[in-house]
2 protein chains.
Amino acid sequence: MSSIKRIDVEHLKVSCKECNLRELCFPHGMSDDELSNMDAVVEQPKALHKNDFLYRDGDKSQAIFAVRSGCVKTMTESANGDEQIVGFHLPGELLGLDGFADDSYTCNAVALETSSVCELPLDQLETLCHQVPGLQKQMRRIMGKEVSNDHKLLLLLGKMTAEERLASFLLSLSGRMEERHWKENEFNLSMPRQDIANYLGMAVETVSRLFATFQSEKIIDVDRRHITILDMHRLKVIVGECEPSK
Amino acid sequence: MSSIKRIDVEHLKVSCKECNLRELCFPHGMSDDELSNMDAVVEQPKALHKNDFLYRDGDKSQAIFAVRSGCVKTMTESANGDEQIVGFHLPGELLGLDGFADDSYTCNAVALETSSVCELPLDQLETLCHQVPGLQKQMRRIMGKEVSNDHKLLLLLGKMTAEERLASFLLSLSGRMEERHWKENEFNLSMPRQDIANYLGMAVETVSRLFATFQSEKIIDVDRRHITILDMHRLKVIVGECEPSK
DNA sequence: CGCCGATTTGACTCAGATCAAGGTTTGTGG
DNA sequence: CCACAAACCTTGATCTGAGTCAAATCGGCG
């Protein structure tokens, strides 16, 4: 069925060169010349509606993607059907790297809200790596980041209490807001409680209760999906990043 | 203090070309010519004693490694000091990929027993990628594998019960034994219970009790570190990979 | 307004952690 | 070869963080 609404495509037509996410994304550190090569290869952004799949577990992997706007979650599926969200990808962040393993993706990627993603076809990536010196290293950097990011998440799931997990999640979001020069202590969650719970390996009810606790302790203010961090320091104390102040 | 024992170095001097782990390791699918290039770059194996660090969190990353013999664990450390083991690396498996993120390793790598590792210096990897067509793709394959492997572990830690985790762990080991053409239903664990527990996100006591349960149910036989899988099918049923028979 | 999905709140339960011994194996020095 | 210590592993008893179940409330939206 065709949708009545049409996503405005005008604002999507932005070259890497002009993209304000440039430094967070693939083009990080590239020269103007290199960016031109990049632009020649990157497809114009794909529009996604909420709940659209960008790719599915098992699909042949033909590209990696960069989120241009919105938010995309990736999740793995187990033999007995339950799912684990392994990442929420904000603008400038990449996804699809799991597809390198054996030419097909090993997880599902789903838009949490109306989003757009830039596409970098794999066959052209090959060529591009020869044209752009240092791109190979860039690729490695990006994959290394993915790996060490996953390791942090393993630590979270393996060793942290529910309270620490949620605090850690909020701090991670806050840090990424800051990277994007958005407000680091006030932002909207693009995912429902259910997805936060899944990602953090706990029950929705626990997420809800912890939000309530944090709020009553004046650490954050929660209004539906809108989060205001009132006491960053105390959040850091919870995850052990800071000593409790006197 | 100098040790009385000396590790026999003779058997370590093996070229990639002659290495029986060839197809599991970096050289997977390479031609003879390519293997020669590879051999010119790979350092002779480093010997490690039990509990030796191969590298530490924060060390400048200058190489990636392939386990030649023995077993090496990698673990991340949290702000408040506790550790999460993120992988046990068997012969033919690589480690050090986390170092790509920002030129320094983000986890610790420690030998679980007397081991040896081959070293592939990063600066030479660069050059090698130009000489060996398809090595770049190989690199991507390896990193993709690492990523999707981590995703499996996230699912394990986020969604599985203790019983499912241990069954899953045993099946994973068994599968890797098979890859190496070793017995898939009889092998020795190179790690203590404590490390298994840490890796699977549970208490040592739980690991111990589950081994006892599995044994009493005739699913496995446990003798200290020696494991015999008696009923592979039932293990698979536990993790949901198989339907319970009749 | 009324329905539906998302969220919150309360009461109860339980898987697995923690605490506490005790047993076994390995390594060391005399 | 034995005594002793240090790891390592197991087993039992108890406790608890967080899950489950149930129900109320909220927020959009047609």
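Every chain is numbered from 1 and lettered A, B, ... according to where its sequence line falls, protein lines coming before strand lines.
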Do Asn108(A) and Glu77(A) get their side chains close enough for a donor-acceptor pair, meaning under 3.5 Å? yes
Please report, rounded to the nearest Å, how far the C1' atom of dG17(D) is from the CD atom of Glu164(A). 12 Å
Given dG19(D), dT11(D), dA17(C), the nucleotide with the shortest approach to the side chain of Ala212(B): dT11(D)
Separation of dT25(C) P from Leu189(B) CG (nearest whole Å): 17 Å
Whole angstrom value for the distance that separates P of dA7(D) from CG of Asn51(B): 11 Å
Does the pair Glu93(B) and Lys145(B) meet the rule for a salt bridge (Lys or Arg N to Asp or Glu O under 4.0 Å), with working shown? CA-CA 11 Å; Glu93(B) 294 175 343; Lys145(B) 214 167 161 186; over 6 Å; no
Check whether any side-chain heavy atom of Ile227(B) sits under 4.5 Å from a side-chain heavy atom of Leu189(B), and report yes or no. yes
Applying a 4.0 Å non-hydrogen cut-off, can you work out what Thr206(B) is touching in the nucleic acid: base, sugar-phosphate, or nothing? sugar-phosphate
In whole angstrom, give the distance that lies between atom CD of Gln194(A) and atom C1' of dG5(C). 12 Å
Side chain of Arg209(B), base of dT18(C): donor and acceptor closer than 3.5 Å? yes
Atom CG of Leu210(B) to atom P of dT10(D): distance rounded to whole Å? 11 Å
Under 4.0 Å between any heavy atoms, over every strand shown, what does Ala162(A) touch: base, sugar-phosphate, or nothing? Just pick one. sugar-phosphate
Report the distance from atom CZ of Phe211(B) to atom P of dT11(D), rounded to the nearest whole Å. 13 Å
Return yes if the base of dG28(D) and the side-chain atoms of Arg224(A) contain a donor-acceptor N/O pair under 3.5 Å, otherwise no. no
Check for a donor-acceptor pair, side chain of Ser208(B) on one end and backbone N or O of Val204(B) on the other, with a separation under 3.5 Å. no
What is the distance, rounded to the nearest whole Å, between atom CG of Leu200(B) and atom P of dA17(C)? 11 Å
Reckon Arg225(B) touches a base, only the sugar-phosphate, or nothing at all at heavy-atom distances under 4.0 Å? sugar-phosphate
Upstream residue (5' side of DNA chain D) when Glu163(A) and Asp223(A) are each assigned their closest nucleotide: Glu163(A)
Protein-nucleotide distance (Glu205(A), atom CD; dC12(C), atom P), rounded to Å: 16 Å
With side chains defined as the heavy atoms from C-beta onward, is the minimum distance between Leu210(A) and Met202(A) less than 4.5 Å? yes
